[in-house]
Amino acid sequence: MKLIGGNYIAGLVSSEGKSTFKGINPFDASELPTDFHEATEEEVNKAVIKANEAFTVYSKKSGHNKADFLDAIADEILNLGDTLIERCCAETGLPVGRITGERGRTMGQLKLFANVLREGSWVDARIDTAIPDRQPIPKQDIRSMQKALGVVGVFGASNFPLAFSVAGGDTASALASGCPIVVKAHPSHPGTCELIAIAINAAAKKTNMPASVFSMVHGKSVAVGMAIVNHPFVKAIGFTGSNKGGIAIFKAANEREEPIPVYAEMGSTNPVFILPNALKESGDEIAQGLTGSVTLGVGQFCTNPGIVFLNNETSVSDFQEKLSQNFQAVEANTMLNSGIKSAFDNGVNNLSSKNNVELLAQGKENNQGFKGSAHVFKTSAKNFLNENYLEEEVFGPSTITITADSKDELLASAKKMKGHLTATLFATEEDLENHTDLIEILEQKVGRLIINNFPTGVEVCHSMVHGGPFPSTTNSRSTSVGTGAITRFTRPVCYQNFPQHLLTDELKNENPLGIIRIFNGEYKK
């Protein structure tokens, strides 16, 4: 399948921009074939206007119709075959096994949302029937449900070229909610993005969806993304990326004449707490697992553990020694792009220059392409309590062990922390009984609490929460993974004294869809 390098606007290819760029193979820093055209402001404007026109049609499609569309997208992605896998590997430096698995995850989450749409109860239908003879005031007939917001702008992520990109979780949840989307393709893997755009367009045609339900634009410049954020027809933004990028989008969205919600997942250092008895009983095993979790995906997951808390006792030094041995054996591996590699090098060099931080060990080095070496540091909890930089994410294969002299110092460190996506406790039953106060603190700091398991690996399921308090995200009340993500792009709408024939099926008395609803205060089907 030949790549064109254009922007996909309402089913048509557009290449009006004079500025072009190429994909780069991070393995050897070589340029890949095809020039990709940066979208003009006019092209972005056209994409959003067309999407807004599609909203009146697409938002009224039945759950089954939208489900067929999502299933068809998954099928068309699979139909791209090895062409997608090969291009994605070339643009990211990620191995075939990882990309194949991520393709499966991408298809799986599309099909998961399709199942949610077919079942239908996600709309949270609430019905309070009229009581005309109620005294002293008659009760009106009042009903409500979740309805789609409008056009959603989606920003593809660098570290998950499929699962958090053009057909990723934000796309799946927005389309499931009934919202057309305009996607800003990530410039690190433009060819991968174009192939997925082709698949989505094919699925739209196959299921008789309006072509303008989906558009995708390219751009290395900030201007392209901001044109989406600032467009008055865009009603929400989904973003996965850096803190700097997420905050810029969040501020711009809130400075609009009509502010809009931004669901930005901006990274996290995902603190790990290894409690005393667990350290004594399983220190070597935990050290091995921690090494794998920190360096998984060359540390380029948003859930890699970046800070590890320990209690100061004799087993700490043994643990750090084992961890050092493990890190020294880690091969240097290819990072996603030159910008990420440069930022990682700056981050570990900055830590190495600090007086109160010691480099415990460094993995093997390789200067070919954009390869990053694993690093593990150590410092004290006293230093953590006095210095904010230790909690900042260094995106890549590095972590810091932080040793507390007492439980009080450990709790103080937890209280000082900002918001994160996850927190992990390695603990025995006795440890857990002795640290319920730590768990209560961490509940206020993260979106997902984990016991005796590493945070890397985010299961796509109904109960998953992939989010957390600021600055890990801009909105801690939602998730970007799992079916709960659908309500990011909806709002509740109330209907009072509506005749039955004007109500949607979800709110009619006879419940033709057979969904679970709150009917006069009781859950009923």
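For the numbers below, each heavy atom of this structure counts, side chains included, while hydrogens, waters and symmetry mates do not. Along the sequence shown, residues are numbered consecutively beginning with 1.
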Is the distance between the ring centroids of [Y] and [X] under 6.0 Å?
{"X": "Phe426", "Y": "Phe454", "value": "yes"}
{"X": "Phe384", "Y": "Phe309", "value": "yes"}
{"X": "Phe301", "Y": "Phe160", "value": "yes"}

Could you label the plane-to-plane angle of the His186 and His189 rings as parallel, tilted or perpendicular, counting under 30° as parallel and over 60° as perpendicular? parallel

For Lys416, what residues pass the side-chain hydrogen bond (donor to acceptor under 3.5 Å, both in side chains) criterion, not counting sequence neighbours? Asn388

Between Thr428 and Asp431, is there a donor-acceptor pair closer than 3.5 Å when you use the side chain of the first and the backbone of the second? yes

Under 4.0 Å between a Lys/Arg side-chain N and an Asp/Glu carboxylate O for [X] and [Y]?
{"X": "Asp437", "Y": "Lys415", "answer": "no"}
{"X": "Lys61", "Y": "Asp68", "answer": "no"}
{"X": "Asp75", "Y": "Lys111", "answer": "yes"}
{"X": "Arg488", "Y": "Asp170", "answer": "yes"}

The reported gap from CD in Glu255 to CZ in Phe250 (rounded to nearest 0.5 angstrom) is 10.5 Å

Nearest 0.5 Å, please: how far is CG in Leu94 from OG1 in Thr334? 8.5 Å

